[in-house]
Amino acid sequence: MVKSLKPIIVLLLLSFCLWFLQPVIHVWAEPDSEAVTESAESDAEEKDEESEEEDEAEEKAETNEDGLTMPTLNSKSILLMDRDSGKILYSRNPDKKMEPASLTKIVTCLLAVEAIEAGTISEDEKFEASKHCLDGLDEESSSTGIVPGERLTMKELLYCALLGSAGEACNIIAEALAGSISDFVDEMNEWVLDLGCTGTHFVNTHGMPANDHYSTASDMMLISEEAMGHPMFAEICNTPSYTVPSTNKADERVIYNSNALISSQGIYGGNFLYSNASGIKTGHTTAAGYCLSSTAEKDGVRLMCVVLGGGTSLRDDMATDFQNFSDTIHLYDWAFENYSYYTVLHSDDLVKEISLLYAPSDASTVTLHPDKDLSVLLPSNVNPEDFELRISLYEENPAAPVDAGQAMGDVTVSLNGVDYGKAKLLTTSSVDVSQSQILKAQLRKAFGHTWLWLLLLIILLFILLYAFMVINYRRKRQRQLQRKRQQAQARVQQKTQHARNQMAPRTGKMRDYDSSGRPKDPNAEKHDYFEEFFRNEEKMNKKRH
């Protein structure tokens with residue numbers, strides 16, 4: 001029986017050895033052309049698949065409006081803003097109505113801070129928790145253990161609400177300020193409308209899920225920015241921990257800020273500390289997910305981020321990743337790495353030289369400079385030298401006098417049709433008015449009218465016509481006088497000749513006369529009355545003419 005099994009066992013061992021050595025034999029064996037072709041085709045298909053996967057990954061890579069590639073983000077609604085310029089660096093569903101959870105408490109506490117600033121209440125004034133302090137709260141609600149009948153100051157209530165996210169503290173604040181929770185909620189809704197929120201409505205003071213209780217990332221950004229503008233609010237929400245003194249109902253208690261960006265001892269642990277962060281509020285319910293409104297500053301860049309609807313996941317170290325914190329940190333790191341402020345226009349830059357009317361000839365221009373530095377937040381893919389300046393003067397033809405530092409216009413810096421900032425243009429020096437220049441300008445203005453030139457032309461033509469007429473008249477008059485003189489001379493000659501003719505027969509001889517018609521007397525001159533008569537008549541004719 002054993003002998004009969006030996007051949008079978010040997011065959012099985014040989015088969016096993018051949019199967020085991022097959023890869024080695026395949027390597028040693030020289031592949032044929034078909035095998036090479038099939039292998040090449042297989043490799044090409046794998047490369048094509050890898051290329052398609054890479055293309056799909058590139059298509060899925062998210063970019064912002066500046067064309068920068070975004071980090072991987074998981075929350076449902078996100079908004080990142082530069083606080084100084086108001087520029088939105090990234091947004092995802094910013095106007096989608098979401099459950100705000102405990103971000104609601106920002107408005108509740110801000111109304112209390114405004115009341116303290118207005119002097120309506122004092123931060124040291126104590127208020128007693130009524131039986132309604134637990135209204136709307138359940139086992140999911142955050143609490144600092146305040147019970148009905150306990151007395152705390154308004155300042156202590158604010159720390160409980162903002163650091164410990166105590167819903168009961170919010171209800172106590174509401175009753176203290178408005179008399180009832182419902183009236184205070186009405187004031188909250190009026191306040192957000194006045195602020196400009198268009199997608200927010202509150203039903204309670206603490207943010208526990210309720211029908212018609214919602215907000216948006218855009219509105220929460222607006223609310224958070226307003227809140228951080230109040231020093232008392234900013235100081236409280238940026239405090240890592242606070243000790244509430246003992247009260248009539250409880251011993252001293254320490255409250256840790258739930259914001260894990262600034263406190264490692266809160267409920268979310270110490271895995272999300274961010275050295276550049278400050279404020280402002282966390283929020284979480286099962287319906288809302290994990291929410292966070294925060295700020296951060298680095299190298300002159302001040303950011304604000306609102307995250308709504310974050311989830312959770314396991315990190316590589318098996319710790320829980322709360323996406324409201326991780327998304328916020330990713331966005332801050334990305335923004336600080338890709339954005340910087342650049343001064344594209346300095347206050348001492350000489351931007352433009354303009355001419356002034358009525359200014360002295362040796363000081364007829366003045367130079368303009370900006371009233372401030374213009375710094376703009378730019379992405380890393382933009383060259384600051386590409387900016388353009390657009391100048392707008394208040395007057396097309398400004399006139400002297402002007403004072404040093406007088407605003408004459410505006411300068412706007414823009415890039416690709418987008419305006420990034422504006423500054424006033426001020427004069428670098430004073431320029432007095434020149435009276436002679438005013439006179440010249442008035443004369444130029446006066447002689448610049450067409451009707452005046454037409455009038456002067458008409459007057460000139462009239463003068464020329466008059467002169468022509470006078471000259472022509474005088475020429476005619478001279479010719480007339482000349483003809484009259486000739487006619488008188490002819491008459492005189494006729495009369496002289498006539499007299500001669502009459503005298504010739506009486507004397508019987510002809511007398512000689514000189515060229516003037518006088519008789520020649522070789523012996524002596526005799527008085528000739530007839531000749532004297534004609535001379536007198538000729539003189540009278542000359543006087544008349």
Side-chain angles (χ1 to χ4, degrees), residues 64-65 73 75-114 136 161-162 165 167 170 173-174 182 184-230 233-234 237 258-259 261 278-285 287-296 302-310 323-325 327-328 331-332 335:
N64 71 342
E65 292 183 356
L73 304 170
S75 300
K76 296 178 181 178
S77 181
I78 306 173
L79 196 60
L80 177 66
M81 180 187 74
D82 172 54
R83 297 181 65 188
D84 291 317
S85 65
K87 177 181 174 65
I88 300 300
L89 305 184
Y90 174 75
S91 65
R92 175 188 289 178
N93 301 321
D95 299 316
K96 182 179 180 180
K97 293 179 180 179
M98 305 279 291
E99 287 272 359
S102 290
L103 299 191
T104 305
K105 295 166 185 172
I106 298 174
V107 178
T108 303
C109 294
L110 182 53
L111 290 180
V113 169
E114 289 184 344
L162 289 176
S165 200
C170 293
I173 291 172
S182 60
F184 185 78
V185 171
D186 290 340
E187 291 182 9
M188 292 172 64
N189 287 318
E190 291 178 5
W191 186 89
V192 294
L193 284 175
D194 292 340
L195 187 64
C197 299
T198 58
T200 298
H201 185 266
F202 297 130
V203 175
N204 55 56
T205 65
H206 38 68
M208 291 302 295
N211 292 331
D212 212 26
H213 189 97
Y214 55 83
S215 187
T216 66
S218 295
D219 283 356
M220 275 300 161
M221 181 75 73
L222 189 62
I223 292 168
S224 299
E225 184 65 18
E226 173 65 24
M228 292 299 285
H230 295 261
F233 186 99
C237 71
S258 61
N259 186 354
L261 297 182
S278 61
I280 68 171
K281 187 72 187 74
T282 61
H284 171 256
T285 63
Y290 291 89
C291 307
L292 176 65
S293 177
S294 64
T295 68
R302 301 192 318 135
L303 304 174
M304 176 172 282
C305 184
V306 173
V307 173
L308 302 178
Q323 294 170 354
N324 56 340
F325 296 118
D327 282 353
T328 298
L331 279 171
Y332 284 154

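Worth saying up front: this structure is predicted, and the values here are computed from it rather than measured.
Y90 and L331 make their closest contact through CD2-CD2, 4.0 Å (heavy atoms, listed as atom of the first residue, atom of the second, distance). In plain terms, the two heavy atoms of M220 and P100 that are nearest each other are CE-CB, 3.9 Å. Looking at every heavy atom in both residues, P94 comes nearest to L79 through CB-CD1, 3.9 Å. In this structure, C291 and G309 approach most closely via the heavy-atom pair SG-N, 3.9 Å. Of all heavy-atom pairs between L89 and A335, the closest is CD1-CB, 4.1 Å. In plain terms, the two heavy atoms of I223 and I106 that are nearest each other are CG2-CG2, 3.8 Å.
Put simply, CG on D186 and CZ on F184 are 11.0 Å apart, with the number rounded to the nearest 0.5 Å. Residue K105 holds its NZ atom at 9.5 Å from CG of L162, rounded to the nearest 0.5 Å. Within the model, atoms OG1 of T328 and CG of L73 stand 9.0 Å from one another, a figure rounded to the nearest 0.5 Å. The OG atom of S215 sits 11.5 Å away from the NE2 atom of H201 when rounded to the nearest 0.5 Å. Remark: E225 CD to M304 CE distance equals 4.5 Å, nearest 0.5 Å. Note: M221 CE to R83 CZ = 10.0 Å, rounded to the nearest 0.5 Å.
With contacts defined as side-chain heavy-atom distances shorter than 4.5 Å, the pair V192/V107 qualifies. Looking at L308 and L103, their side chains come closer than 4.5 Å, going by heavy atoms from C-beta outward. Side-chain contact between V203 and N211 is absent, with no heavy-atom pair separated by less than 4.5 Å. Within the 4.5 Å cutoff, no side-chain heavy atoms of K281 are placed close to those of C237. Looking only at side-chain heavy atoms (C-beta outward), T104 and M188 come within less than 4.5 Å of each other.
Looking at residues two or more places apart in sequence or on another chain, you find no ring pair (Phe, Tyr, Trp, His ring centres under 6.0 Å) involving H206. In this structure Y332 satisfies the ring pair (Phe, Tyr, Trp, His ring centres under 6.0 Å) test together with Y274, sequence neighbours excluded. Partners of D84 according to the side-chain hydrogen bond (donor to acceptor under 3.5 Å, both in side chains) rule, which considers only residues two or more places apart in sequence or in another chain, are R302.
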Please test I173 against T205 for side chain to side chain contact (heavy atoms under 4.5 Å, CB included), starting from the C-alpha separation and ending with a verdict.
CA-CA 9 Å; I173 291 172; T205 65; over 6 Å; no
Chi angles and distances behind the side-chain hydrogen bond (donor to acceptor under 3.5 Å, both in side chains) call for T216, D95
CA-CA 5 Å; T216 66; D95 299 316; 4.8 Å; no
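For the pair N259 (side chain) and G279 (backbone), a donor-acceptor distance under 3.5 Å is present. With T295 contributing its side chain and S278 its backbone, the two residues share a donor-acceptor pair below 3.5 Å. Remark: the backbone N or O of N93 is paired with a side-chain donor or acceptor of S77 at under 3.5 angstrom. The main-chain N or O of K87 is never found under 3.5 Å from a side-chain atom of D82 such that the two would form a donor-acceptor pair.
No side-chain donor from either of S258 and S165 sits under 3.5 Å from a side-chain acceptor of the other.
The aromatic rings of F202 and H213 sit tilted relative to each other, their planes meeting at an angle between 30° and 60°.
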